Every structure is written in structure tokens, then in C-alpha cells.
Number of protein chains: 2
Amino acid sequence: MTQAQPYSATEEKMARYAKALSHPARVFILRFLEQQCACFAGDISEQLPMANSTVSQHLKVLKEAGLIKGSFNPPTIEYCIDKENWTEAKALFEAFFTPCC
Amino acid sequence: MTQAQPYSATEEKMARYAKALSHPARVFILRFLEQQCACFAGDISEQLPMANSTVSQHLKVLKEAGLIKGSFNPPTIEYCIDKENWTEAKALFEAFFTPCC
DNA sequence: TGAGTATTTCGTAAAAATACGAAATAGGTA
DNA sequence: TACCTATTTCGTATTTTTACGAAATACTCA
């Protein structure tokens, strides 16, 4: 415990994206959205063994992590992958698992 | 909530590895081990702004996730990346971020 | 045997994640 | 205007994570 310095920006980002992926329901949702390109919250909820409100919470976590976007079109909300951040996350994980040396 | 079926093995594994990566200290430790190939718990602890016992806890999480291995050589313990599972995790994340369609 | 070193385990406290059902929101339709 | 539908937010309970310091472990060396 000699160094009180915080973590690098890369480490923080990695951890943030990883945390978003750290629940099987959220992994499922992302894979589902990759296949569907876009779909409604209800379509997702139908596939998952949990209450609507819990699914909504997981969607919020993914939204806050920047991995998905929702476009409001009442009474439904259409969700899709946020491509920009998705690409960033992909690059981060790739670099992480393939070290330079 | 119409389907009470659990998640696929892939989803569970992804989530498990992602959870191991979901704290910046653990990301740091893994990057450190990638560079060092192998090192002692003390070497890691020196680099991190937290108590020894907390670092030990993070090492335990990584060990339980299968991403690192420790070889006991008292009074020290030498840690290194578990290459087999590392390769599996790498493949899982790659496939996840690069969908077929 | 007794001290020293590196590390983990234990006990505990505080914060965050997960889950539910009920209530709120916000627009479309009769 | 009053209802319907899809979704989120709220309040709450339970579990898990994170962190610390003190004590335990396990081996080496004097």
C-alpha cells in the first residue's frame, strides 16, 4: 500500500465496461441486440426469467455504461447497440488480451 | 418474464470473466502480470493503493475466476496468468464483440 | 526453539448490486 | 376525457462486494 495513486484511464474504462458485462442477463441482452439490430424493451423482457422492472434496471446499467441507446417512441422504447462505444470496448478488450510483449 | 429458463453456458462464462475484470485493481493486476510473466503478491501489493489483505482478496477473486494461478514457495507466493483460461476468455470476448451477422 | 517474513484468513462495517411489486409516466385511441 | 399499453421509477429487502486491521499460517534462518 505504498502508492496512493489512482488507476489509469484505460484500467478504469476496462473495469466499467466489464462491470456492465458482469451479469448473464446483460450479456444476453447485448447478444440479443447484436442479432436484432434494434428491438423493444418488451421483446427483451419476454426472453428473460425476471420481472419487467428488473429488466428495465439492467437496461439502465447498459445505457449508463454507454453500450446501448434507447430511442423513445411511446409507448415503446426501441433499443440498439451504441456502436461508437461498442467499438471502443471491443478495442480495449482486444488490446488487453493481446499484450504487446 | 415468460421464460424461466436459465442462461446459456457461454453467457454464464462471459459474465463470470467480466465480473473478474470489473474492478480497476484487478485489471491492473492482470496487466501487471502480463508484463511480468510472474511475480510475488508483495510486488503487486506495492503498486496498489490498498491494504495487503484487500489485494489478497482481489487475487483470490482472480484465482477463483481461473485467470491467474499461484505457486506456493514460502514465505512468498508467485503468481502468473493462467494461460489456458486466459485464452478461453480472450476467445469468448472476441466472439462476443464480433457477431456473425 | 524462537524470531522474522510474506501472505492469507477472519471478523466486521459500509456500500453497491440484484430483485420484486406497486405506483407513476406518457403517449395513443375510443 | 377516460382508458389502454409499454415502460420506468420508487420503496424496500436481501445478497454480494469492497475494504480494513488483527490474528493465523507456514516456512526459513539464527
Side-chain angles (χ1 to χ4, degrees), chain A residues 1-7 11-12 15-29 32-33 36 38-65 67-80, chain B residues 1-7 11-12 14-30 32-33 36 38-65 67-80:
Chain A
M1 198 186 84
T2 53
Q3 185 209 43
Q5 203 171 313
Y7 307 100
E11 277 145 17
E12 296 277 9
R16 212 157 48 80
Y17 283 129
K19 183 169 259 178
L21 295 173
S22 73
H23 192 290
R26 292 198 291 266
V27 174
F28 177 90
I29 291 170
F32 193 68
L33 282 176
Q36 311 290 311
C39 67
F40 302 111
D43 300 338
I44 297 165
S45 195
E46 260 174 28
Q47 305 290 122
L48 288 169
M50 48 179 54
N52 255 336
S53 55
T54 307
V55 173
S56 187
Q57 241 175 199
H58 284 303
L59 289 169
K60 193 180 172 187
V61 170
L62 291 172
K63 227 184 312 177
E64 281 172 358
L67 289 172
I68 66 172
K69 288 191 285 195
S71 47
F72 196 51
N73 191 23
T76 61
I77 299 186
E78 200 171 30
Y79 280 103
C80 64
Chain B
M1 199 184 86
T2 52
Q3 184 207 45
Q5 203 170 311
Y7 306 100
E11 277 145 17
E12 296 277 8
M14 275 287 300
R16 213 157 47 81
Y17 284 129
K19 184 170 256 177
L21 296 173
S22 75
H23 192 291
R26 294 198 290 268
V27 174
F28 177 90
I29 291 169
L30 290 170
F32 192 69
L33 282 176
Q36 313 289 310
C39 68
F40 302 112
D43 301 338
I44 297 165
S45 196
E46 261 174 27
Q47 305 289 121
L48 288 170
M50 47 178 56
N52 254 338
S53 55
T54 307
V55 172
S56 187
Q57 239 175 201
H58 284 303
L59 289 169
K60 193 180 173 189
V61 171
L62 290 172
K63 227 184 312 176
E64 281 172 358
L67 289 171
I68 66 173
K69 287 190 287 197
S71 47
F72 196 49
N73 192 23
T76 60
I77 299 184
E78 199 171 31
Y79 281 104
C80 65

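Note that the coordinates shown come from a computational prediction; the quantities given were computed from them, not determined experimentally. Reminder, nothing fancy here: chain letters follow the sequence lines and each chain counts from 1.
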All heavy atoms of B/C39 vs all of B/I44, minimum pair found to be SG-CG1, 3.7 Å

With sugar-phosphate taken as primed atoms, P, OP1 and OP2 and all else as base, the protein-contact string of nucleotides 3-9 of chain D at under 4.0 Å (heavy atoms; B, S, -) is --BBSBB

Applying side chain to side chain donor-acceptor pair (under 3.5 Å) to A/E11 and not counting sequence neighbours gives A/S8, B/R31

Open item on the list: Measuring to OP1 and OP2 of C/dA16, would you say a side-chain N or O of A/K19 lies under 4.0 angstrom away?
Closed with: no

- Query: Is A/F40 close to A/S45 at the side-chain level, that is, under 4.5 Å between some pair of heavy atoms?
  - Reply: no

note: A/H23, atom NE2; C/dA16, atom P; distance rounded to Å ~ 18 Å

> Which word best sums up how the rings of A/H23 and A/H58 line up, parallel for under 30°, tilted for 30 to 60°, or perpendicular for over 60°?
Replying inline: tilted

In whole angstroms, the gap separating P of C/dA15 from CE of B/M50 amounts to 16 Å

Derivation of the side-chain contact (heavy atoms from CB on, under 4.5 Å) call for B/L48 and B/F28: CA-CA 9 Å; B/L48 288 170; B/F28 177 90; 3.6 Å; yes

Rounded to whole Å, the CG-P distance (A/L48 to C/dC20) equals 11 Å

If we only count heavy atoms from C-beta on, is the A/Q36 to A/D43 side-chain gap below 4.5 Å? no

- Message: Is A/H58 close enough to C/dA17 that one of its side-chain N or O atoms is under 4.0 Å from OP1 or OP2 there?
- Response: no

